[in-house]
Amino acid sequence: MEEALENEKSLGGNLWKVVPVNERLIESISQKYQLPYLIARLLYLRGVQEQDIKNFIDPKLQTLLPDPSCLKDMDKAAARIADAIVNKERVAIIGDYDVDGATSSSVLRLFLESVGINPQVHIPDREEGYGPSKMAIDEFIASGVDLVITTDCGTTAFDTFEYAKEKNIPVIVLDHHEAEVLLPPVYALVNPKRLDETCEVEYLKYMAAVGVVFVTIVAINRELRRRGFFTKDNPEPNLLQWLDLVALGTVCDVVPLKGLNRAFVRQGLKVMSRRTNLGIRALVDKAGINEAPTAFHLGYVLGPRINACGRVGDSALGNKLLCMKDEKQAEMLADKLGEFNQQRKEIENYVLLNAIEMLEGTPQTYPIAFVAGHDWHQGVIGIVAGKLKERYNLPSFVMSIEADEVKGSARSIPQVDLGALIISAKEKGLLTKGGGHTMAAGFSLNEDKIEDFKKFVGEYVSEKIGGEAIVPVIDIDGELELSGATLDLAENLEMLEPYGSGNGEPKLLLHRVRINKASIIGSGHVKCFLGSDNGSSVKAIAFRVADNDIGQAMLNAKGEVFDVVGVLRKDSWQGRNFVQFMIEDIKRC
């Protein structure tokens with residue numbers, strides 16, 4: 001059975017792979033920790049060590065948050081920021097225009113406000129470009145700023161910080177992007193990915209920038225407490241109140257939900273359910289979320305709305321909304337972000353269709369999706385790169401050709417580390433700016449370098465993945481008979497939440513089911529009931545498949561028997577709980 005699964009393509013064009021496991025070890029974990037077999041299997045597949053099982057299932061900050069001092073420059077940064085607070089200095093924050101940038105700048109801003117500092121916040125728009133700029137430094141000098149703190153940017157901003165140093169403006173960088181051997185001339189740089197970092201807490205390297213900022217405010221708060229800053233009339237702030245923002249930034253930046261990140265998101269969702277942040281509350285209500293938000297809502301409902309203001313609107317609105325103190329203004333801003341998000345969808349569809357036409361209308365020399373356009377809005381190129389990567393299962397590079405420079409965004413597959421690729425391209429003089437993570441990156445270059453960059457990328461990727469076509473693989477976490485797809489199992493699977501990068505929602509294989517009563521709903525979704533010979537039946541849905549082979553096979557099933565892969569979820573309706581199977585792929589038996 002497993003050999004057949006792995007050698008035949010599905011109707012979705014994928015190979016299915018049932019990951020081999022150590023059955024004896026799984027049985028041992030199941031018995032020792034009194035866990036259902038499937039939960040023990042999933043923990044094994046995610047590489048959770050026995051000593052970490054308790055922290056994975058029940059992640060707590062008090063257990064997983066290390067001493068912030070383990071990070072290089074943390075004590076130096078905390079002491080300098082504490083000086084600024086005690087001495088009532090003028091502090092400025094530079095953030096980024098994505099969700100991680102909005103949340104990390106908001107957490108720092110709200111903390112500083114709680115201890116008596118009203119910081120000046122600068123979120124660059126896309127015309128200004130990612131990260132700190134000389135324009136921002138000049139703006140701060142004109143306002144009499146004494147200290148600049150960057151969040152989610154700054155690790156490679158050499159020129160800007162040379163300029164700040166000349167102007168005697170001290171800078172502290174709080175970031176998580178890939179670093180180079182050389183570091184910019186700043187007062188302190190806190191980044192778990194510094195190449196000279198000696199902290200042995202490995203999971204700190206997985207933090208989003210908002211996580212780095214939270215650990216930093218823990219250190220600042222401790223320093224202020226040590227100095228006797230807090231009194232009966234000046235009480236210590238409750239740092240946990242901002243975990244909803246930490247959870248939002250962590251999920252939306254698609255960092256692995258391991259170690260401390262799991263605690264951030266698990267505890268942050270609890271804080272979010274209390275609806276204390278007016279901006280998040282307004283976003284939740286405008287999006288029509290009528291249940292306690294989950295990691296899914298953060299990544300696919302709330303996050304895109306905040307991202308939209310940086311993509312097609314006013315990049316500063318995300319920070320403003322998340323720090324809003326007035327309920328009516330929060331509702332107005334949430335409405336505005338909803339409008340921007342709708343505009344973003346329309347622009348994105350236009351660019352995506354153009355990119356597909358370019359790629360499929362021309363023979364491709366390299367195993368990459370590499371496109372550029374003159375009228376493409378730079379705010380959507382990252383999303384388009386992601387969709388091209390999903391469509392072709394290849395590293396994708398999308399560029400917007402502007403009057404002064406070309407701005408690009410890239411998304412990758414596991415075999416190709418984009419962060420390393422971008423650093424290498426910069427070293428060769430092909431890019432003017434660039435940075436990112438393993439799977440996502442942004443960059444800038446001159447228009448006359450596009451072809452040279454394409455050749456470099458094509459050869460780099462070819463070397464990494466070899467000459468064979470890459471067929472996407474769905475790794476199956478477990479196999480079930482339809483009768484086993486129960487509400488009890490769906491509730492047991494909730495032990496593994498929050499789901500996200502590094503802890504994907506478990507993909508389950510249902511053997512030999514029939515697709516009954518299939519019909520199209522919404523924007524090309526197909527709903528149905530899955531049935532088995534023993535009379536079991538489960539409600540199911542497949543999203544955006546009506547026009548492809550999966551959807552057509554479902555709509556015309558006529559008693560055929562299929563194997564089906566997807567995820568099992570609890571579905572609540574009018575106070576009652578049901579179970580629903582979300583179909584990702586199917587294969588005729």
Side-chain angles (χ1 to χ4, degrees), residues 1-21 23 26 36-42 44-46 390-391 393 469-490 492-493 496 499 504-521 524-571 578-589:
M1 178 66 192
E2 289 187 10
E3 185 176 345
L5 280 174
E6 294 184 16
N7 291 327
E8 295 177 11
K9 282 188 185 179
S10 67
L11 289 175
N14 304 296
L15 296 179
W16 294 358
K17 181 180 179 183
V18 179
V19 183
V21 297
E23 295 286 355
I26 291 172
Y37 170 83
L38 182 57
I39 300 301
R41 176 188 173 94
L42 292 166
Y44 172 90
L45 289 173
R46 279 148 181 71
E390 290 171 9
R391 183 182 181 93
N393 195 45
I470 299 175
V471 178
V473 173
I474 293 179
D475 288 323
I476 294 169
D477 292 305
E479 302 175 61
L480 287 177
E481 299 300 323
L482 190 63
S483 58
T486 63
L487 182 59
D488 280 347
L489 176 59
N492 280 332
L493 289 171
L496 301 176
Y499 298 125
E505 197 165 0
K507 288 185 171 57
L508 304 176
L509 168 63
L510 298 178
H511 283 301
R512 301 191 62 78
V513 297
R514 287 184 168 80
I515 295 172
N516 303 318
K517 299 181 181 179
S519 62
I520 299 175
I521 61 169
H525 315 315
V526 177
K527 70 172 183 175
C528 66
F529 286 89
L530 301 179
S532 67
D533 292 339
N534 65 10
S536 299
S537 180
V538 170
K539 184 171 67 170
I541 187 168
F543 293 109
R544 297 178 294 278
V545 299
D547 61 348
N548 66 25
D549 290 346
I550 295 173
Q552 290 304 304
M554 291 175 67
L555 293 166
N556 299 290
K558 297 178 182 176
E560 284 182 278
V561 179
F562 294 87
D563 284 340
V564 177
V565 168
V567 300
L568 190 69
R569 289 182 191 156
K570 186 168 71 175
D571 185 32
F578 304 89
V579 69
Q580 182 169 222
F581 197 78
M582 325 302 286
I583 297 172
E584 292 193 17
D585 202 0
I586 65 176
K587 184 183 290 188
R588 289 186 174 88
C589 290

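Quick caveat, the model's predicted, so the values are computed rather than measured.
- Phe562 approaches Ala557 most closely through the heavy-atom pair CE1-CB, 4.0 Å.
- By the 4.5 Å heavy-atom criterion applied to side chains, Met554 and Ile583 are counted as neighbours.
- Here the CG-CD distance, from Leu568 to Gln580, works out to 9.5 Å after rounding to the nearest 0.5 Å.
- Minimum interatomic distance between Gly551 and Asn548 (heavy atoms only, all atoms of both residues): N-OD1, 3.0 Å.
- The structure places CG of Leu42 at 11.0 Å from CD of Glu505, a figure rounded to the nearest 0.5 Å.
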Please lay out, stage by stage, how Val565 and Ile476 fare under the test side chain to side chain contact (heavy atoms under 4.5 Å, CB included).
CA-CA 8 Å; Val565 168; Ile476 294 169; 3.8 Å; yes
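- Arg46 places a side-chain heavy atom less than 4.5 Å from the side chain of Asp477.
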Intermediate values then yes/no, side chain to side chain contact (heavy atoms under 4.5 Å, CB included), Val21 and Leu45:
CA-CA 7 Å; Val21 297; Leu45 289 173; 3.5 Å; yes
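- Contacts of Asp585 classified as salt bridge (charged side-chain N to carboxylate O under 4.0 Å, His left out), with partners at least two apart in sequence or in another chain: none.
- With values rounded to the nearest 0.5 angstrom, Arg41 atom CZ is found 12.0 Å from Ile39 atom CD1.
- No side-chain heavy atom of Ile541 sits under 4.5 Å from any side-chain heavy atom of Val526.
- Here CG of Leu11 is found 11.0 Å from CD of Gln552. Values are rounded to the nearest 0.5 Å.
- Between Ala485 and Val538, the shortest heavy-atom distance links the atoms O-CG2, 3.9 Å.
- Contact check on Arg512 versus Glu481 returns no salt bridge, with no Lys/Arg side-chain nitrogen under 4.0 Å from an Asp/Glu carboxylate oxygen.
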Determine whether Lys539 and Asp571 satisfy the following criterion, salt bridge (charged side-chain N to carboxylate O under 4.0 Å, His left out), listing intermediate values before the conclusion.
CA-CA 10 Å; Lys539 184 171 67 170; Asp571 185 32; 2.9 Å; yes
Side chains of residues 528-537: which donor-acceptor pairs under 3.5 Å do they make with residues two or more places apart or in other chains?
| from | atom 1 | to | atom 2 | distance (Å) |
| --- | --- | --- | --- | --- |
| Ser532 | OG | Asn534 | OD1 | 2.5 |
| Ser532 | OG | Ser536 | N | 3.4 |
| Asp533 | OD1 | Arg514 | NH1 | 2.5 |
| Asn534 | OD1 | Ser536 | N | 3.1 |
| Asn534 | OD1 | Ser536 | OG | 2.9 |

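- Closest non-hydrogen pair, Phe581 versus Leu508, comes out as CZ-O, 3.6 Å.
- With hydrogens and angles left out, the side-chain atoms of Glu23 and Tyr44 include no donor and acceptor closer than 3.5 Å.
- Residues Leu489 and Leu480 have side chains in contact (heavy-atom distance under 4.5 Å, counting atoms from C-beta outward).
- The side-chain heavy atoms of Lys507 and Ile474, taken from C-beta on, include a pair separated by under 4.5 Å.
- Under the 4.5 Å side-chain criterion, counting only non-hydrogen atoms from C-beta, Lys587 is in contact with Trp16.
- Distance check, rounded to the nearest 0.5 Å: CZ of Phe543 to CE of Met582 gives 3.5 Å.
- Within the model, atoms NZ of Lys17 and CG of Leu509 stand 15.5 Å from one another, a figure rounded to the nearest 0.5 Å.
- Counting heavy atoms from C-beta outward, Leu487 and Phe578 have side chains that stay 4.5 Å or more apart.
- At least one side-chain heavy atom of Leu496 sits under 4.5 Å from a side-chain heavy atom of Pro506.
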